[in-house]
There are 2 protein chains.
Amino acid sequence: MKKLINNPENVVQEMLSGMVLAHPEYIRKLDGFNVLVRKSSPIKGKVAIVSGGGSGHEPAHGGYVGKGMLDGAIAGDVFTSPTPDPVYEAIKAVDGGAGVLLVVKNYTGDIMNFEMAKDMAEMDSINVDYVVVNDDVAVENSTYTAGRRGIAGTIFVHKIAGAKAEKGAKLEEVKATAEKVINNVRSMGMALTPCIVPAAGKANFTLEENEMEIGMGIHGEPGTHREDIKTADEITQHLVSKILEDMPLNEGEEVAVMVNGLASTPLMELYIVNRKVNEMLQEKGVKVYKTLVGEFMTSLEMAGCSVSILKLDEELKELLDATADTPAFKVL
Amino acid sequence: MKKLINNPENVVQEMLSGMVLAHPEYIRKLDGFNVLVRKSSPIKGKVAIVSGGGSGHEPAHGGYVGKGMLDGAIAGDVFTSPTPDPVYEAIKAVDGGAGVLLVVKNYTGDIMNFEMAKDMAEMDSINVDYVVVNDDVAVENSTYTAGRRGIAGTIFVHKIAGAKAEKGAKLEEVKATAEKVINNVRSMGMALTPCIVPAAGKANFTLEENEMEIGMGIHGEPGTHREDIKTADEITQHLVSKILEDMPLNEGEEVAVMVNGLASTPLMELYIVNRKVNEMLQEKGVKVYKTLVGEFMTSLEMAGCSVSILKLDEELKELLDATADTPAFKVL
């Protein structure tokens, strides 16, 4: 296991310390909990947005805490849902009286624990609601999921719901916008290599030297199939085709594209993938309004990528373009 | 070779296409040359800043083309200096009459080719000057270098010289500020795994399963030594100590820190490294004014990291904080 870590048991704690030391102008950590909140939390009268999940997907989600995106992020153990307690603490720390929207990725443990925290906070008379992101078109049901998995499309929810909340919208309006994003975003990924959970010390699956897995989840959950590595163009064609089968796009429609690296795949390769995504959309007469290329939702040191496509309307375009200032995502 | 590419011969061309398609609001490509310039180039009356080098270090350097940083970036073949012609074309495309500063990393080929391009541009009566970044304290002289190598500290030069030029400074002032950064920045890196140049198809060196190389260059050039992997804290201690031996820091001094991932090392691990960097500086009474953690100067898919420390004065702090808006680096 070649990792830059100390004791594998302490990776999440030490990572959070390193994050707060790096970004004190943005975030602070709640004492005794693996929760990051905005330095200025709670913000009176603003709907707060909270997300989180297992660690190992950085910068998701702590890197998105800041103006125009999240108010708080809970970091579970690596690839493990946080328990209800830290989620409840996050909700209490960020509520400014206008309520809290939880953005939950569709994993059974996450949903159970975020729901439980919501119930706890409601007993304190905090208004809490939640949305579930399930953008991964690869498979219905999976190792940790009933229905579809939530993956990199979640970042579009953070950005757009965050901008809506920043504009002063009410909780039900922020939730409606978040759900509009969820209804209009689709993703699919693939992996070239597995990754190693530090505490386990070995990969949770293996791939042959010339093999890739299509539709792989961000925790190494099985995808649709394995096959010999193909060219970037062929792989991209497959991912985008599956997305477009699920969410057909018509000529003249506008989209945002995210080409997301799972960690070990160089930016060079992500741009090569983006070239083909763009070409396929152009061929259909679909207009790419905005493109994001980088590492937004990773899987420890896994190699591979995912493609996300978000269908836009005027509201979503405006909110996507709104100012954001967080450690990992900035819009001027 | 597990890479998301098509023909290995075309990776740079296809990457640049993917970049321009992703960021048309920032950059355009010069016809017939692997050069990216600001969409709005040339900017009349502003000193232009140009950098470049071999590809495989993305987002360096094309990702830093935009307001407050570079005006143009030349992409050579992977790990190969660009020839003088594209550098000359870049200079001509960005010169707005106030001259052009070239930011060159200290590699023999880069210096020769950028100097030649400078001579060509001067025959066109364009005022050109250059600085050489040599921040890597690991080794004197190396595979491709006389003197010290230029690595991730280069990004501080882009940011700070870019801000100085944006404020309307003259060429000699921008150069003086760039040299101040170079005189005050030191870096050192280490690698856990090698990387594969696409056209070669195999790694240019090997490391044993439990081995790392300290002081490794960003093209796999030898470092100071190899040894068994140690903890993140021990590795960080070694890197920072070597930096501080070369550039002692006194109590009360202020610095900027960059923890740079070479590509495959997850952000989680970079933050764990940052925790220790910060602790060591705090113990010395050195104030960390600004921290950057992420992938700024990569080495294809190499695993490992570098640490850079920049000693600050009031001018450098102000310029570091100035607005920047580029695909890969933004300051609001």
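Here is how names work: the chains are called A, B, and so on, in the same order as the sequence lines, proteins then strands, and each is numbered from 1.
- Sorted by first and then second residue, the salt bridge (charged side-chain N to carboxylate O under 4.0 Å, His left out) pairs involving residues 15-27 of chain A (not counting sequence neighbours) are A/E25-B/K290.
- With a 4.5 Å cut-off on non-hydrogen atoms, A/M302 does not touch chain B at all.
- Contacts between A/T323 and chain B at a heavy-atom distance below 4.5 Å involve the side chain alone, from C-beta outward.
- Scanning both residues, A/G56 and B/M268, for their nearest heavy atoms gives N-CE, 3.8 Å.
- In terms of heavy-atom proximity, A/R275 sits nearest to B/S17 at CD-CB, 3.7 Å.
- Interface residue A/A324: only backbone heavy atoms are found under 4.5 Å from chain B.
- For A/N278, the part sitting under 4.5 Å from any heavy atom of chain B is the side chain, from C-beta outward, and nothing else.
- Within 6.0 Å of the NZ atom in A/K284, the count of heavy atoms belonging to other residues, nucleotides or ligands does not exceed 12.
- Residue B/C305 comes nearest to A/L4 through the heavy atom pair SG-CD1, 3.8 Å, listed as atom of the first residue, atom of the second, then distance.
- Here the shortest heavy-atom pairing between A/V293 and B/A22 reads CG2-CB, 3.9 Å.
- With hydrogens and angles disregarded, no donor-acceptor distance shorter than 3.5 Å links the side chain of A/N6 to the backbone of B/T231.
- Ranking A/K330, A/E58, A/K2 against chain B, the residue ahead of the rest is A/K2, based on heavy-atom pairs under 4.5 Å.
- When heavy atoms are compared at a cutoff of 4.5 Å, A/L192 approaches chain B by way of both its backbone and its side chain.
- Atom CG of B/L21 and atom OH of A/Y271 lie 11.0 Å apart (nearest 0.5 Å).
- Heavy atoms of A/I235 lying under 4.5 Å from chain B belong exclusively to its side chain.
- Proximity to chain B (any heavy atom under 4.5 Å) is restricted, for A/H23, to the side chain, taken from C-beta onward.
- A/T265 touches chain B through its side chain: at least one heavy atom from C-beta onward sits under 4.5 Å away, while N, CA, C and O do not.
- Of the listed residues (B/H57, B/E301, B/M19), the greatest number of heavy-atom pairs within a distance under 4.5 Å of chain A belongs to B/M19.
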Under 3.5 Å, side-chain donor or acceptor atoms of residues 194-218 of chain A against the rest of the protein: list the pairs with distances, not counting sequence neighbours.
unit_1: A/N204; atom_1: ND2; unit_2: A/H219; atom_2: O; d: 3.2
unit_1: A/E211; atom_1: OE1; unit_2: A/E208; atom_2: N; d: 2.8
unit_1: A/E213; atom_1: OE1; unit_2: A/R226; atom_2: NE; d: 2.6
unit_1: A/E213; atom_1: OE1; unit_2: A/R226; atom_2: NH2; d: 3.2
unit_1: A/E213; atom_1: OE2; unit_2: A/G223; atom_2: N; d: 2.6

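- The part of A/V331 that comes within reach of chain B is its backbone (N, CA, C, O), which places non-hydrogen atoms under 4.5 angstrom from that chain.
- For B/I229, the part lying near chain A is the side chain, with the backbone staying farther off; criterion is any non-hydrogen pair under 4.5 Å.
- Only the side chain of A/V273 comes within contact range of chain B, judged by heavy atoms closer than 4.5 Å.
- Contact count versus chain A (heavy atoms, under 4.5 Å) is highest, among B/T193, B/V11, B/N10, B/T298, for B/V11.
- Atom CG in B/L300 sits 11.5 Å away from atom CG in A/L267 (nearest 0.5 Å).
- Between the CG atom of B/D233 and the CG atom of A/N7 there is a distance of 11.0 Å, given to the nearest 0.5 Å.
- Heavy-atom pairs under 4.5 Å with chain B peak, among A/L332, A/N274, A/V288, at A/L332.
- A/E269 places no side-chain N or O within 3.5 Å of a backbone atom of B/I5 that could act as its donor or acceptor partner.
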